[in-house]
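Below you'll find the structure, written out as structure tokens, and then a few comments.
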There are 2 protein chains.
Amino acid sequence: MTDLTYQRPIPALLTDVKNAAVGRLFARMGDAGFGDVREGHGCVFGFIDMEHGSRLTDLAEASGFTKQSVGEAVAELERLGYLERRACPDDGRAKIIHLTDRGREAALTGRRIFAEIEAEWAEEVGAEAVAAMRAAAERIAELEGSGR
Amino acid sequence: MTDLTYQRPIPALLTDVKNAAVGRLFARMGDAGFGDVREGHGCVFGFIDMEHGSRLTDLAEASGFTKQSVGEAVAELERLGYLERRACPDDGRAKIIHLTDRGREAALTGRRIFAEIEAEWAEEVGAEAVAAMRAAAERIAELEGSGR
DNA sequence: CAGTTTGGTCAGGTAGCTTGACTTCTTGGT
DNA sequence: ACCAAGAAGTCAAGCTACCTGACCAAACTG
């Protein structure tokens, strides 16, 4: 703290900010009546096609997790009433994962809360700063992602 | 990707950027001959007093992990030759954790690599953008940290 | 209509943390 | 001077969120 030349390591810094966001998110999800949604469910809520549903494989591909991991999240969310799995009419192997009404409500609530969090950060440290952080992060993530 | 109104969730975004940094860090640590250093060792390297050493409890406090977790990292790093635990002259319960020469070398190498990574990002997306990202992240982390 | 690929599931394993219980030593009140 | 309370560190056990590997059934491919 007293060493002016010391730069906080970037992973620790980003993790702190992430945890701050996650903490706020789930606190408010709980307040909104979605206390049973966990962080690991993000691979579903974050990537599912809210209109037409998605396949497990596509959620796995998009989220970067394995089919098994996403499958477990889906199974739990189905048990909790956020999802339904329906047979795919075009492919006897596949199932289409659909949000239920409650699931749609939860997904929209989550998005709303994320927007709120960024808005609050904007009040606290300046809108330009938050926008700049997001923009830089998006560009870096994109660059690194394409290099994989 | 095609939905222009969709904002990538901030935790996923920050995690991607963090993982990009971590990936580069450990690849280069390996190249530099420190292939046995793992991410979990950051709670030591990131917070240890390089001159006078640190106590386990202080590392735990500073890093935000439990004493047990930090203790395990310290034990492993001691086995690997990066640290030494010496009895504390002022307190018979405590031990002072010191970096060995090799440990100091590793710590400095890590810091150098972090600086390199940010410099590379600066080339790719602009120095102002990276600086803005860091500045915003630091302010947010500080605000959230103080509210705990 | 065989051979390969793909969607999804089942089983088992592991890394990286946690909480809880404990020992040893220090500290502060009386 | 003593004893209660607290702090430093360790041991044991457990949990969570992932992973890899093996597999089945259905679908494409020639």
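So that the names make sense, note that chain A is the first sequence line, chain B the second, and so on, each numbered from 1.
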So do the side chains of [X] and [Y] get within less than 4.5 Å of each other, counting heavy atoms only?
X	Y	value
Glu138(B)	Glu142(B)	no
Met133(B)	Val125(B)	no
Arg85(A)	Ile96(A)	no
Trp121(B)	Arg24(B)	yes
Asp58(B)	Asp49(B)	no

Hey, can you tell me if Phe45(B) and Tyr82(B) have their rings parallel, tilted or perpendicular (30° and 60° cut-offs)?
-> perpendicular
Which residues, if any, of residues 67-95 of chain A bring a heavy atom under 4.0 Å of DNA chain C?
->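 Residues of residues 67-95 of chain A under 4.0 Å from DNA chain C: Lys67(A), Gln68(A), Arg85(A), Arg93(A), Ala94(A), Lys95(A).
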Whole Å only: how far is the CZ atom of Arg55(A) from the C1' atom of dT5(C)?
->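 After rounding, the reported distance stands at 14 Å.
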Report the distance from atom CZ of Phe65(B) to atom P of dA15(C), rounded to the nearest whole Å.
-> 17 Å
For Arg38(A) and dT16(D), is the shortest distance between a side-chain N/O and OP1 or OP2 below 4.0 Å?
->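 No, no such contact exists.
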Please determine if a side-chain N or O atom of Thr57(A) lies less than 4.0 Å away from the OP1 or OP2 oxygen of dT6(C).
-> no
